[in-house]
Every structure is written in structure tokens, then in C-alpha cells.
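Each chain gets a letter, A, B and so on, in the order its sequence line appears, and its residues count up from 1. Here the structure is a predicted model, which means the values were calculated and not measured. No hydrogens, no waters, no symmetry mates; every other heavy atom, side chains included, goes into these values.
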Amino acid sequence: MDILNAIVVLLNFVIIPATAYGAQLALGALGVTLIYGILRFSNFAHGDTMAFGTMIVILCTWGLQAAGVTLGPLPTALLALPVGIALTALLLMGTDRAVYRFYRRQKAKPVVYVIASLGVMFIMNGIVRFIIGVDDQRFDDGERFLISVRRFRDLTGLEEGLGIRTSQAITVVVALIAMVALFWFLNRTRTGKSMRAFSDNEDLALLSGINPERVVMITWLIVAALATTAGTLYGLDKAFKPFTYFQLLLPIFAAAIVGGLGNPVGAILGGFLIAFSEVGVTYAFRKVVGYLGPEGWEPAGMMQLLSTDYKFAVSFTILLIVLLFRPTGIMKGKTI
Amino acid sequence: MIEVRDLHKHFGGFHAVDGASLRIETGSITGLIGPNGAGKTTLFNVIAGMLAPTQGQVFMDGEDITGLAPHRLFAKGLLRTFQIAHEFHSMTCRENLMMVPPGQSGESLWNTWFGRKRIADEDRALRAKADEVLEFLTISHLADHPAGMISGGQKKLLELGRTMMVDAKIVFLDEVGAGVNRTLLKTIGDAIVRLNRERGYTFCVIEHDMDFIGRLCDPVIVMSEGRVLAQGTIDQIKANEQVIEAYLGTGLKNKAKLEGIGA
């Protein structure tokens, strides 16, 4: 039995990666849930919004790197993030003006918005691939590790090492800041309260001192910030590829729905739930079990429930179970 | 003064409002009665900008307000309440009231970051006003309760309270007494009269309780099948043959008296 090594392996391969991935999903799901709560439709273009924002950040990062501007040990992308957010906000507000506002005036049914957002998705998809191409892009720089595996082993003398990548640490810190800022905004400021009021009861909100167009614009602005941040963090942690971002739509929607659509706290919980399930189910637990069992009892099999190729099946299954047994999600969001 | 001219609202082949014309004089408490399905609430929805009319016009003090968005009408001092009370369920009763006044400086993102002092001052004034309104409506003890949790009657009071947060000109009350007990209904009636006398609010009230209408309203307008059937004082209305017929149908009208219907 070697509990310490088992814990280190588990931390290194499951808990830390899942926490980072969960934070990225949570930020994505927050955007989806805000749009659902306030504009009342499922925005299928969200994955590609993230891709667009990240693309701007990447282009800007390359520009900064070429000009010799870096953030030292931190990735330069953090410096480019505000530019990405600003341009994505412009894109989303433009889309709202050109597409969604028309349907809002018609008081269209939610399903019409969903189909419209599908069209927006294809267009954004095309724009991103046209500008940056379909290939993998790497844009992380600065210090790669907060603690590297070897350094951890040297420090502790344990057999197993624990590596924390800078991108993982940054993901968690940035996500935490974004979430705190969002909740402060929604609960403490008048604009945030207007948004909540709009989400609670649109009819009544229209009969109060709330300007609906302004609420909608501010929602898009916040969604742009959340989507770009989520996309950039995911890209820093893994890599940027437009198709991957499109695929992220499934775990993000699963997270938002599991948590309860329209409920921000639920979106965060859902993000981590999906991430931990996905990583937990597709990780080979052979080593962990080997350390926990008596000497020489290490299992011959991989102790892996599903191959990583099937990771999307995890979100899909969770989504199905939730929709069947608790359609309002963990935190009692709106019924779909 | 609100003037409705030949208003139509059709839902497909169904004519919910079918050529209604009426006037609501400034300073009056006008009652709007009629059998279920007479088109009263649809008329309210069209006047308040929730529905676009199929045909016809609405004027407020001579100005054409047909089809204006609800928040624009709200800014002009035209307010309404709902048949089934609406509230921001996740917010407290006090917050519900504080949401009402338009043009708050906290609405702008710029002020959220750079105008903190102004927002705080405004907030304090609003809070005091909200507490005053809650006191007036005898529900001070509910100030910090989530509005989704209070009873149906209390929600009706809260709806009335919303109209007191701004200087309204005209308030449309849709079945303010539905599901409210007698004592609470008296509180609501007193509040309406006080607001009318002290603050000069004009009211238009939809209500099925004839005692309530009789005590409060002059004139009373009767709607039936999407049109205005009659208008006059409550006594004139009660004596009107057509009105009795609309409520009871021709077969019953000789047997029954209108007094028995509403309550």
C-alpha cells in the first residue's frame, strides 16, 4: 500500500486536469445559460463564438510576440484577451442587430431562434476557418510549468511526480476571477439586477424601468467576455483547432442543462460534474489501484472504463439521464 | 385621458376585441366589467403595448400611443398590473419595488464602475421609498422575503405597490381583487382611493366583485363580445336590460337580478 503515491497519481492525471477542464466548461456553460435565461434560446453558435474570440486572441498574441511584447512567465495571450473580448462583443452585438433583433420584434418562438443560431454557427464557423485555417494552432508561451514532474519528485522523494502546468493554474485563477466578477455583477449592480429581473419575468420587466434592448446588449457583452475567456483558456491548456471548439458544444450544453438552464450556479456545478465524469471514466486507473493494493497485486488490465475516443459519450449519457429524470437540472433551472 | 377608438384585436378568426371605443377621464376611477371572455384583458394588453392591435387607435392626452412598446408607455406614466400577479420571484419584495423607477444611473455600465457614489445615493433614496410603500400597503414585514414566496393576495398588493414607486398618470388594474380575501380587498380599495385623491392617479379597474366596483368606480363601462355595451354609474348599469342579458342570457334575465352575479 502506498497511499501517497496513489494520491499523487490521481491528482496528476485526474483531479488537476479535470479541474482545469471543468473551469473551462463552466465558463462556456455560463455563457450558454445566460443567453438561455435572458434571451430565452439555446445558442448553438456558442462553440464557434468561443472559436472566434480565441482566434482574435491568437492573432493578437502573434502580433505582440512579433513586436517583442511578452508577459514574462505568463502567456502573452492574457494581454491579448481584452482585445479578443472587445472584438467578439462587437461581433455578437452585430449579429444581434442583424439577426436576433428581427425575431425578437416578431416575438418569435424559441425554436426559431435556435434554428437562426444554427445558421449563425455555420457562418461563424466559416469565418474562423477562412481566417485562421482548420489546423492546430499553438499560442502558449512563457513558463510551461508551475511545478514540473521531475522537480516535484526531487523535492518530495516520491516515486510519482506531480506536474502543474501554468495554463492549468491560470485557467483556475482566471475562471475564479471571472465567476466572482459575474456574480458580483448579477447580484450587486443595478444592471445585473435588471438582467435577473428580465430572466425572472420578461413581461413585468418590460413594465418596469428596464430598457430591454440595453439588457440584451449587456448580456451579449458578458457572453462575449465569458466565451472568449473560456476559449482562450482551453486553447492555452490544450490547443486551438476550430473543429474542437465546435465539438465542445456538447459538453458545454450538457453542463448547462445538468446544472439547470438559466441558473449560473448550476452552470458552474455542471461544468465540473461533466469534466470530472469525462476524465474519470476515460482514465486508466491501473497505477492508482496498483499503489493502493498490496505489493505485487497490480492489476493486469488498464482499469479504464471507456477509451478516450468515446469521451463525448460521457456528456451525452449524462445529458440523457438528466433530461429523462430531472429535466430542470440540479439547481432547478427552467424546463426545456 | 385615455381614448380608445374603434379597437380591434383578432387572433386568427377569433375577434377578442371587436370595435371597442371608450374614454377614461383623467382623475376618474373607471370600472371595466363584463362576462368572462368579453375581451377586457385583451383590451388592457393592447392599450399597455403588450399586443399590437389589428385595427384602431389608442390616444393618451391626445397623443397617439398605439403600438408603443410597454417600456415607452411606462415612461409616459401608463402602468398596468396583471390578472395573475407577476413578480420577480428570485428577488425580495423590497428589490422588486426598487426595480420599478426608470432611468436609474446604475443602469449604465459606465456608472457601475465610475459612478458608485451617485448609485449609492440613488439606492438609498429608492430603498426609503420602497419601505414607505411597503408600510402603506401594510406588508413591511415582507420586505426581505423573496417575492416568489409570498401569498397570492400579498402579490396583488405588491403589484399595486409597484405603481406607487413612480409618478403614474394612469394605472390599469387587472382583477386586482381576484383570490384576495375581504379584509385585504378593503385595504386594496382604500389604497386605490387614497392614491386617486392624494396623488391624482387615474385608475381603470377590471373586477368581477360588484360591491368593490360599486364602492370605488364611477363611471362603469360594460364590455361584451369585444365591444362596449354600456357606460354609466353603477346604478344605471345594474338597471340596464342589455347588461343583464349579456351576463345571464335572455332566458334567465327576467328571473335574476344583477346584484346576485358578481359576488
Checklist outcome for this item: Closest non-hydrogen atoms of His89(B) and Asp200(A), given as atom of the first, atom of the second and distance, are N-OD2, 3.1 Å
Checklist entry - So which part of Arg72(B) gets closer than 4.5 Å to some heavy atom of chain A, the side chain, the backbone, both or neither? => result neither
Next on the checklist: A side-chain contact here means heavy atoms from C-beta on lying under 4.5 Å apart; do Ile210(A) and His71(B) qualify?
Outcome noted: no
Item to check | Euclidean distance, Lys193(A) NZ relative to Met99(B) CE, rounded to 0.5 Å | outcome: 8.0 Å
Item to check | Gap between atom CD1 of Ile119(B) and atom CZ of Arg188(A) - 0.5 Å precision | outcome: 14.0 Å
Checklist entry - Can Arg190(A) and Met98(B) be said to form a side chain to side chain contact (heavy atoms under 4.5 Å, CB included), step by step? => result CA-CA 10 Å; Arg190(A) 158 77 199 194; Met98(B) 287 169 69; 6.0 Å; no
Item to check | Over 12 non-hydrogen atoms of neighbours within 6.0 angstrom of CZ in Arg104(A) | outcome: yes
Checklist outcome for this item: Under 4.5 Å to a heavy atom of chain B? For Thr189(A) that would be side chain
Next on the checklist: Is it true that, when you exclude Gln83(B) itself, more than 12 heavy atoms of the residues, nucleotides or ligands shown sit nearer than 6.0 Å to its CD?
Outcome noted: yes
Item to check | Backbone of Met91(B) reached by a side-chain donor or acceptor of Arg196(A) within 3.5 Å | outcome: no
Next on the checklist: Surrounding NZ of Lys129(B) (heavy atoms of other residues, nucleotides or ligands, distance under 6.0 Å), is the total greater than 12?
Outcome noted: yes
Item to check | Segment of Phe88(B) engaging chain A (4.5 angstrom heavy-atom cut-off) | outcome: both
Checklist outcome for this item: Rounded to the nearest 0.5 angstrom, the CG-CG distance for Asn96(B) and Asn201(A) is 9.5 Å
Item to check | Side chain / backbone / both / neither for Met165(B) at chain A, heavy atoms under 4.5 Å | outcome: neither
Checklist entry - Non-hydrogen atoms of chain A under 4.5 Å away: do they reach the side chain of Glu122(B), the backbone, both or neither? => result neither
Next on the checklist: A quick test of your reading: do over 12 heavy atoms of other residues, nucleotides or ligands sit less than 6.0 Å from CZ of Arg326(A)?
Outcome noted: yes
Next on the checklist: Do Phe82(B) and Leu204(A) make a side-chain contact, defined as non-hydrogen atoms from C-beta onward lying under 4.5 Å apart?
Outcome noted: yes
Next on the checklist: Would you say that more than 12 heavy atoms from the other residues, nucleotides or ligands in this model lie under 6.0 Å from the CG of Leu71(A), or not?
Outcome noted: yes
